[in-house]
Protein chains: 2
Amino acid sequence: MPSKPRNPSPPSSPAGVSGLVRASDTLAGVFAALGDPTRLKLVAVLCAGGAFSIAQLTTGTDISRQAVTKHLQVLSDAGVVRDVKMGRERLWQLEPAQIDEARRMLEAIGREWDVALNKLKMFVESAE
Amino acid sequence: MPSKPRNPSPPSSPAGVSGLVRASDTLAGVFAALGDPTRLKLVAVLCAGGAFSIAQLTTGTDISRQAVTKHLQVLSDAGVVRDVKMGRERLWQLEPAQIDEARRMLEAIGREWDVALNKLKMFVESAE
DNA sequence: GATAAATGCAACCATAAAGTTGCAAATTGT
DNA sequence: ACAATTTGCAACTTTATGGTTGCATTTATC
C-alpha cells in the first residue's frame with residue numbers, strides 16, 4: 001500500500017490580521033504604488049502638505065514629465081494622492097487615509113509576531 | 001520680450017522623512033514585495049510565527065507550488081522572509097526587521113502630514 | 001490675437017513580472 | 001531497494017510596467 005500525502009495543514013492568518021487580509025487586494029494596491037523609488041520620493045515630497053504641479057514635481061527627477069504623470073496616476077488609482085485643477089495646471093496633494101491603513105496593517109503584523117515570540121519564550125521557559 | 005519660465009521651485013522632502021528617503025531604494029523594494037495580494041497573504045500567514053514549508057504555504061492558494069516559490073523568493077530578496085533547510089523541505093519564516101522599517105516610514109509620512117495641517121490651521125486662525 | 005506654458009493623449013519599445021508545464025534531483029519511509 | 005514526497009531548475013507565454021517621443025489642447029500673458 002503506497003503511503004498517503006501527509007501535508008494537509010492549510011495555514012491561516014491569525015485573528016489580528018485576518019480582518020486586514022480581507023482588504024488585502026486594495027492594500028496590496030497601496031503597497032504596490034509605494035513600491036517604486038520614484039513614487040516613494042513623490043509621496044515624500046507631497047507629505048510636506050503642499051499642492052504641487054506636475055512640472056514642479058518633475059523638477060528634481062531625471063525622467064520626463066509624462067513619466068511623472070504616469071506615476072501620479074498610479075498613486076491616484078491606489079488612493080494615495082488627489083488632484084485639483086487650478087487654471088491651466090493640475091495640483092497634486094497627499095491623501096493620507098490609505099497610507100494610514102497600510103501602516104496599521106504593518107503594525108498588526110509586527111504585533112502578531114511579538115505575540116508569537118512571547119508564546120515561544122513561555123513555552124521554552126516552562127520546559128526548563 | 002517673451003515671458004520667462006516661472007517654474008523653478010524644486011520641491012524637497014521635509015526633514016523628518018529625508019533620512020528615510022535616503023534609503024528609499026531598499027524601502028521601495030520592501031513595499032514592492034508587499035504589493036501583491038498573494039505575497040501579502042503569505043506574509044499574513046507567516047506573521048503567526050511558525051515556519052512553514054512551500055507545500056504547506058501552497059495550500060490555500062489557487063496557484064502552483066512553483067509560483068509560490070517565486071513569490072517567496074521575491075519576499076526573500078526584499079529581506080522580508082528567511083528560509084531554513086530542514087531535511088527535504090525548506091521552511092520559511094518572517095523576518096520582521098524590514099517590515100518594521102517600512103512601518104516607520106509610513107509613520108513619518110503621517111507625522112509630517114499632521115504637522116503641515118497644524119501649520120495651515122494656525123495660519124488660517126491668525127488671519128481672522 | 002499671438003506666443004509661451006502646462007498639460008493631455010496616443011503610439012511605441014524594452015524589460016520585468018506572474019503564471020504555467022515538464023522533468024530532474026534529493027530525502028524519507030516501508 | 002523501491003516508491004512517494006518535496007523541492008529545484010529551466011523553458012516558455014502573456015501581460016504589466018516604466019520609459020520614451022511627437023503632437024494636440026487648454027490657459028495665461030503681453
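In what follows, every chain begins at residue 1, and chains take the letters A, B, ... in the order their sequences are listed.
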Integer-rounded Å distance: C:dG8 C1' and A:Asp83 CG
13 Å
Name the pairs: protein N/O against N/O of nucleotides 8-10 of chain D, kept only if under 3.5 Å.
from	atom 1	to	atom 2	distance (Å)
D:dG8	OP1	B:Arg90	NE	3.4
D:dG8	OP1	B:Arg90	NH1	2.3
D:dG8	OP2	B:Arg90	NH1	3.3
D:dG8	N7	B:Arg65	NH1	3.2
D:dG8	O6	B:Arg65	NH2	2.9

Expressed as a whole number of angstroms, how long is the span from B:Asp77:CG to C:dA17:C1'?
13 Å
Tell me whether B:Ile99 is reachable from A:Val115 by hopping between hydrophobic residues (I, L, V, M, F, W, Y) whose side-chain heavy atoms are closer than 4.5 Å.
no
Rounded to the Å, how far apart are A:Gln73 CD and D:dG19 P?
15 Å
Separation of atom CH2 in B:Trp92 from atom C1' in D:dT6, rounded to whole Å:
14 Å
For a 4.5 angstrom cut-off between non-hydrogen side-chain atoms, does B:Met105 reach A:Leu34?
no
Quick one: A:Glu89 CD to C:dA6 P, roughly how many Å, whole number?
7 Å
Of the listed D:dG18, D:dT20, C:dT21, the closest approach to the B:Ser64 side chain comes from C:dT21
Within the structure, does a side-chain N or O atom of B:Ser53 lie under 4.0 Å from either OP1 or OP2 of D:dT7?
yes
Okay, side chain of A:Ser76, backbone of A:Leu72: is any donor-acceptor separation there less than 3.5 Å?
no
To the nearest angstrom, how far is A:Arg88 atom CZ from D:dA28 atom P?
7 Å
When rounded to the nearest 0.5 angstrom, what distance separates NZ in A:Lys119 from CG in A:Leu117?
11.5 Å
Are the side chains of B:Val17 and A:Cys47 in touch, meaning some heavy atoms are under 4.5 Å apart?
yes
I need the single residue from A:Leu42, A:Leu40, A:Thr61 that forms a side-chain contact (heavy atoms from CB on, under 4.5 Å) with A:His71. Which is it?
A:Leu42
Give me, pair by pair, the N or O atoms of the protein and of nucleotides 13-16 of chain C that are less than 3.5 Å apart, along with how far apart they are.
none

note: A:Leu72, atom CG; D:dG18, atom C1'; distance rounded to Å ~ 14 Å
On DNA chain D, check which nucleotide each of A:Ile63 and A:Met86 is closest to and give me the residue with the more 5' one.
A:Ile63
Beyond-backbone contact of B:Ile109 with A:Leu94, side-chain heavy atoms, under 4.5 angstrom:
yes
Any sub-3.5 Å donor-acceptor pair from A:Arg39's side-chain atoms to A:Ala33's backbone N or O?
yes
Between the main-chain N or O of A:Ser53 and the side-chain N or O of A:Gln56, is there a donor-acceptor pair closer than 3.5 Å?
yes
About how many Å separate CZ of A:Phe31 and CD of A:Gln98, when rounded to the nearest 0.5 Å?
11.0 Å
Is any NZ, NE, NH1 or NH2 atom of the basic residue among A:Arg103 and A:Asp100 found under 4.0 Å from an Asp or Glu carboxylate oxygen of the other?
yes
Side-chain N,O (A:His71) to OP1/OP2 (D:dT17) below 4.0 Å
no
If an axis is fit to five pairs at each end of the helix from C:dG1-D:dC30 to C:dT30-D:dA1, what is the angle between the two, to the nearest 10°?
30°
Could you state the CZ-C1' distance from A:Arg39 to D:dA16, rounded to the nearest angstrom?
12 Å
With rounding to the nearest 0.5 Å, note down the distance linking CD in A:Gln73 to NZ in A:Lys70.
11.0 Å
If you find the nucleotide of DNA chain D closest to A:Gly87 and the one closest to A:Ala32, which residue's nucleotide is nearer the 5' end?
A:Ala32
